[in-house]
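When reading the values below, keep in mind they use all heavy atoms of this one structure, side chains included, and skip hydrogens, waters and symmetry mates.
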Amino acid sequence: MKTAERVAVRGQVQGVGFRPHVARLAVSLDVTGWVRNDPNGVTIWAEGDDLDAFAQRLVADAPPAAVVTDVHRQRVEAEGFGGFEIRKSTSRSAATVAIAPDLATCDACLAELRDPSSRYHGYPFLNCTQCGPRYSVVTALPYDRPNTTLADWPMCPACAAEYADPLDRRYHAQPTACPRCGPTLTLVADGAEIARGAEAVRLSAEKLRQGEIVAVKGVGGYLLACDARSEAALAALRTRKRRREKPFALMARTLAEAAGVALVSPEAEALLVSPPSPVVLMRALPGALPEGVAPGLDEVGVMLPYAPVHHLLFDAGAPEVLVMTSGNRSSEPIAFRDAEALDRLSGLADAVLVGERPIARRVDDSVVRPLDGGSLVVRRARGYAPSSVAQIEANRPILALGGDLKCAPCLVVEGEAYLAPYVGDLAHFEVEEALCESIEGLLSAYGLTLADVQVVHDAHPGYRSTALAREFAEAGGAEAVAVPHHRAHIASVLAERGAWTARVVGLALDGTGYGDDGTVWGGEVFVGSLADGLERAAHLRPALLPGGDAAARWPVQAAAGFLCDIPDLPDLTAPPFAFPDRYPLARQVVERDVQTVRTTSAGRLFDVVAALCGWTREQTYEGQAAMWLEAQAGRSGAVDPYPMPGLDWRPTLAAVVRDRAAGRPLAEVARAFHLGLARALAEACRQRGAESVVASGGVFLNRILVDALRDALTLPFWLPSRVPVGDGGLALGQVAYAAHSSPS
């Protein structure tokens, strides 16, 4: 006896081949009816003899890229359908469906790309339901061809036939196209088009072999490419991009090539070949690459080709390891519109490989670090965003802006928290524009306006993100809600796990964050839960910071404030310390107590130790001195930790000064500091009556500190897994805190 059900499926189920999966499953189980996209996900009308088996296999056999969060079955009267069909989507109400992220080229498409007998041979925009662009080409929901940037390219008869065939893997693949009906590539140099199609790829590869810089349009924007083994090309790229020392990301042709420049662990390999295809941070193999790739560091970031154009470039003879860095000057957002790229990148690249398929919104490359049994997200963007990162109950949609550094907004709609891709640092107007575009796109995709959302932001009154949040809230007719910076860090981890009532010890370690008392926090220990409040229970000993923000750029300037509490110091302007004149001048500022602020910043403590270990110059990018110090510590064997009783760093710094003056190896000094801080943090977590330790903040990108802390703790140790451990995950913590926490 046939029964009938209306089935509502929610989650990441559009743009991932879910409707074709439903249609094929229905045919195999003799189920009749229909399936269609709607603004909230996928709706199915199913009539058959065993709908329990049908519902179970909907989830169990779902496409790899699908993420099903809810299946609701409702009994209905059968209408006697004779077959099963995919129906036209509906868009009558506000959307709440998850937009799928962009995915790397699958093996089946890659085989066609290289098969001379395939009509997709050499086509740079091939894709199917299991791979290719999604978020970067969606212009509205539901996810259908007219709502993508391929709308202006009607499908040819062959593509239309595949699109309509339930047995074809391009069945309802919205961005599908081929050389006959789709966009192509053009190569532009000196303002003129010099080649199209396959010839554009061939000439681009030739230019890369010759040491030139080529801007390549990828999935979410333009990347600047050059030969990673050419010192001349690296030097030219650094000069043009104004990127003095910050490491470059690499793209290796194959896993074997990646293993030729870095130590590829099983965890790293799994990330490299995963559908998101992120940049993976790994130990660099000594001597495998020029120093100009990652000056002073022992890590390198490597990804594999993730778009057809990348594979085509390598197949055409491009160097087997390329620099692939964001198409911008330092601190600007990545260029993604063609006219913008040709203008902004004209002085950076010798040629621009333009893809005619428009990009709806910019998406930079994601960066992750492998961990035992998982990974730590450094930057969340292509391949991951804007997937839901948590389920949060809220009375209305919530929009969080994050902070001023590494900002990435988060939107909660119908209980799902969608974290948008990394945008950048709001010190630059172009990044602010990009943030506003990201927010506008996020709201419009879900049919929302500013009047529909509660706006939350960082508690710092001077942040640009705070001012923007207030403007947005005023435009929507409401007040913006401020969320404490370091509590938001802890809340982001708890939100991921849905641990709203868990009593935890929260460690929030970073460089800068606005504290409850108006001072600069950054070495904080909280106890409590989101439901009952997070109380500040301990912190690093406060220090004076002369000159404010300048001390974050100059470690010796920060040292002047910390070291004023250390008695019997030697002459730090003499060897082996050799502090420059900036140090005694900063000491005078501290002694006069002018232009100083108090701080508990762990980031500045790392800077001070780095200064004592030899980093006496300006940092050219955030965290540079601390990363250098970590690299030094990685070269040391076993050492005893320095003392840091009660999170008081004075004995630690006194020991560092003593050992450096005595000629102790730099690597041992650096490692003893890392181990001492880890032990002190573990001690601060004991006797707190908590069930786990939660850690967040940019300092926890330090692998040596994380490993040592995990070894020293007796409680379970939670790090974020789906959002960045630094400020890139702050917006999730803000919406979670605003929705669930009690003030403390």
Side-chain angles (χ1 to χ4, degrees), residues 399-410 425-427 431-432 435 455-473 479-493 506-526 528 530 533-553 558 561 595-607 622-623 647 694-700 724-738 741-744:
L399 172 68
L401 271 64
D404 275 16
L405 297 178
K406 303 175 181 62
C407 63
C410 184
D425 296 343
L426 287 178
V431 177
E432 181 179 320
L435 174 63
V455 182
V456 297
H457 60 90
D458 191 273
H460 196 302
Y463 270 4
R464 182 57 190 154
S465 55
T466 298
L468 285 172
R470 290 170 177 166
E471 292 174 15
F472 293 155
E479 289 189 8
V481 176
V483 175
H485 184 94
H486 296 95
R487 290 184 177 87
H489 270 308
I490 303 305
S492 69
V493 186
L507 302 177
L509 270 61
D510 59 10
T512 299
Y514 189 76
D516 296 352
D517 56 4
T519 65
V520 179
W521 287 8
E524 314 308 312
V525 181
F526 297 97
L530 270 180
L534 294 166
E535 179 184 356
R536 190 191 193 203
H539 52 80
L540 285 175
R541 175 184 171 82
L544 291 175
L545 201 62
D549 290 344
R553 299 195 307 272
Q595 293 183 321
T596 61
V597 296
R598 293 180 67 81
T599 184
T600 57
S601 168
R604 300 293 78 79
L605 178 60
F606 271 85
D607 288 348
E622 184 193 10
L647 295 176
V694 172
S696 186
V699 169
F700 288 108
V725 70
D727 280 6
L730 206 60
L732 173 63
Q734 290 171 351
V735 294
Y737 192 88
S741 68
S742 300
S744 62

Are Asp510 and His486 close enough that some pair of their side-chain heavy atoms sits under 4.5 Å apart?
yes
Does Thr512 reach the side chain of His460, with side-chain heavy atoms less than 4.5 Å apart?
no
Residue pair Leu401, Tyr463: steps toward the side chain to side chain contact (heavy atoms under 4.5 Å, CB included) verdict:
CA-CA 11 Å; Leu401 271 64; Tyr463 270 4; over 6 Å; no
At what distance, to the nearest 0.5 angstrom, does OG1 of Thr466 lie from CD of Glu471?
11.0 Å
Locate the shortest heavy-atom distance separating Pro484 from Tyr737; write the atom from each residue and the value.
CD-CE2, 3.7 Å
Restricting to non-hydrogen atoms, name the atom on Ala508 and the atom on His489 that form the minimum distance, rounded to 0.1 Å.
CB-CB, 4.4 Å
From Asp517 atom CG to Arg536 atom CZ, the distance as rounded to the nearest 0.5 Å
6.0 Å
Is there side-chain contact between Leu647 and His539, with heavy atoms separated by less than 4.5 Å?
no
Run the numbers on Arg598 and Leu544 for side chain to side chain contact (heavy atoms under 4.5 Å, CB included), then give the verdict.
CA-CA 5 Å; Arg598 293 180 67 81; Leu544 291 175; 3.9 Å; yes
Go through Asp727 and His485 one step at a time and tell me if the side chain to side chain contact (heavy atoms under 4.5 Å, CB included) criterion holds.
CA-CA 9 Å; Asp727 280 6; His485 184 94; 3.5 Å; yes
Gly402 backbone acceptor or donor facing Gln734 side chain under 3.5 Å:
yes
Side chain to side chain contact (heavy atoms under 4.5 Å, CB included) for Asp516 and Trp521? Distances and angles first, verdict last.
CA-CA 9 Å; Asp516 296 352; Trp521 287 8; 3.5 Å; yes
Where Ala469 and Ala480 come nearest, the two heavy atoms and their spacing
O-CB, 3.9 Å
Shortest non-hydrogen separation from Gly403 to Leu426 and the atoms involved
O-CD1, 3.9 Å
Ignoring hydrogens and geometry, is there a side-chain-to-backbone donor-acceptor pair from Arg487 to Leu534 under 3.5 Å?
yes
Glu524 side, atom CD; Leu507 side, atom CG - distance, nearest 0.5 Å:
10.5 Å
Minimal non-hydrogen separation, Asp607 against Ala552, with atom names
OD2-O, 4.0 Å
Taking Val520's backbone N and O only, do any of them form a donor-acceptor pair with Thr599's side chain (distance below 3.5 Å, no angle check)?
yes
Not counting sequence neighbours, which residues clear side chain to side chain donor-acceptor pair (under 3.5 Å) with Asp404? List them please.
Ser465
For a quick test of reading the model, state the closest non-hydrogen atom pair linking Val699 to Gly603 and the distance between them.
CG2-N, 4.0 Å
Please round to the nearest 0.5 Å and tell me the distance separating atom CZ of Arg464 and atom CG of Asp458.
14.5 Å
Working to the nearest 0.5 angstrom, can you tell me the gap between Leu405 CG and Asp425 CG?
5.0 Å
To the nearest 0.5 angstrom, please state how far the CZ atom of Phe606 sits from the OG atom of Ser601.
10.0 Å
Listed partners of Arg541 passing side chain to side chain contact (heavy atoms under 4.5 Å, CB included), at least two apart
Asp565, Asp648, Trp649, Arg650
Can you find a pair of side-chain heavy atoms, one from Thr600 and one from Pro542, that are under 4.5 Å apart?
yes
